[in-house]
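Below: one structure, written as structure tokens.
Values reported hereafter were calculated over all heavy atoms of this structure, with side chains retained and with hydrogens, waters and symmetry mates removed. Since we're looking at a predicted model, the values are computed, not measured. By convention here, the first residue in the shown sequence is residue 1.
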Amino acid sequence: MKREDRKAAVAAYRKREIATGIYAVRCIPTGAVWVGQAPDLSTIQNRLWFTLQLGNNTHRSLQDAWRAEGPEAFTFEIIERLEEEESDYVRARLLQERLTHWADKLQATRI
């Protein structure tokens with residue numbers, strides 16, 4: 001890759017819109033659901049799957065289900081994107097409120 005192309009790719013990555021929101025991980029065979037929040041929804045699935053494959057995900061129930069059922073048994077879904085907020089405090093509070101809402105609605109474990 002040429003130096004100019006690399007610079008353009010880096011600049012485009014930095015300018016991309018970052019979507020904040022709530023996601024769900026589902027285990028199809030068991031019906032178990034986990035919900036979490038992410039400041040960048042575009043990267044969270046890769047991070048989760050990486051830690052699960054390594055066997056060092058900090059959420060024990062999710063890691064145990066992954067080991068028992070295998071990666072093909074899991075799906076990832078973005079369930080809510082939040083509007084951009086000016087204040088980090090407001091965004092953090094809103095994420096917590098929405099995470100609680102979805103955990104209750106889906107009868108899911110919070111991660």
Any donor-acceptor pair under 3.5 Å from Thr20 side chain to Pro39 backbone: yes
Between Gln45 (side chain only) and Phe76 (backbone N and O only), is there a donor and an acceptor less than 3.5 Å apart?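 No, because the side chain of Gln45 does not come within donor-acceptor range (under 3.5 Å) of the backbone of Phe76.
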Could you state the interatomic distance from [atom1] ([X]) to [atom2] ([Y]), rounded to the nearest 0.5 Å?
X	Y	atom1	atom2	value
Ile111	His59	CD1	NE2	5.0 Å
Thr100	Arg98	OG1	CZ	10.0 Å
Gln63	Thr51	CD	OG1	7.0 Å
Asn57	Leu62	CG	CG	5.0 Å
His101	Leu94	NE2	CG	11.5 Å
Ile44	Leu48	CD1	CG	4.5 Å

Under 4.5 Å between any side-chain heavy atoms of Val33 and Thr109, yes or no? no
Please check if atom [atom1] in [X] has more than 12 non-hydrogen atoms from other residues, nucleotides or ligands closer than 6.0 Å.
X	atom1	result
Gln107	CD	no
Arg3	CZ	no
Arg110	CZ	yes

Would [X] end up clustered with [Y] when hydrophobic side chains under 4.5 Å apart are linked, directly or stepwise?
X	Y	result
Tyr23	Phe50	no
Phe74	Val35	no
Ile28	Val25	no
Leu82	Leu41	no

Validation row, ring centre Trp66 to ring centre Trp34 under 6.0 Å: no
Can you tell me if Arg91 and Gln37 form a side-chain donor-acceptor pair at under 3.5 Å? no
Mind checking salt bridge (Lys or Arg N to Asp or Glu O under 4.0 Å) for Asp104 and listing every partner two or more places apart, or none if nothing turns up?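 With neighbours one apart ignored, the set is empty.
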Applying salt bridge (Lys or Arg N to Asp or Glu O under 4.0 Å), can you list everything that pairs with Glu83, at least two apart in sequence or on another chain?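 Salt bridge (Lys or Arg N to Asp or Glu O under 4.0 Å) list for Glu83, sorted by chain: empty.
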Where do Arg60 and Gly55 come nearest, in terms of heavy atoms and distance?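 Nearest heavy atoms, Arg60 then Gly55: NH2-O, 4.3 Å.
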Looking at residues at least two apart in the chain, or sitting in another chain, which of them share a side chain to side chain donor-acceptor pair (under 3.5 Å) with Gln53?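 Not a single residue meets the side chain to side chain donor-acceptor pair (under 3.5 Å) criterion with Gln53.
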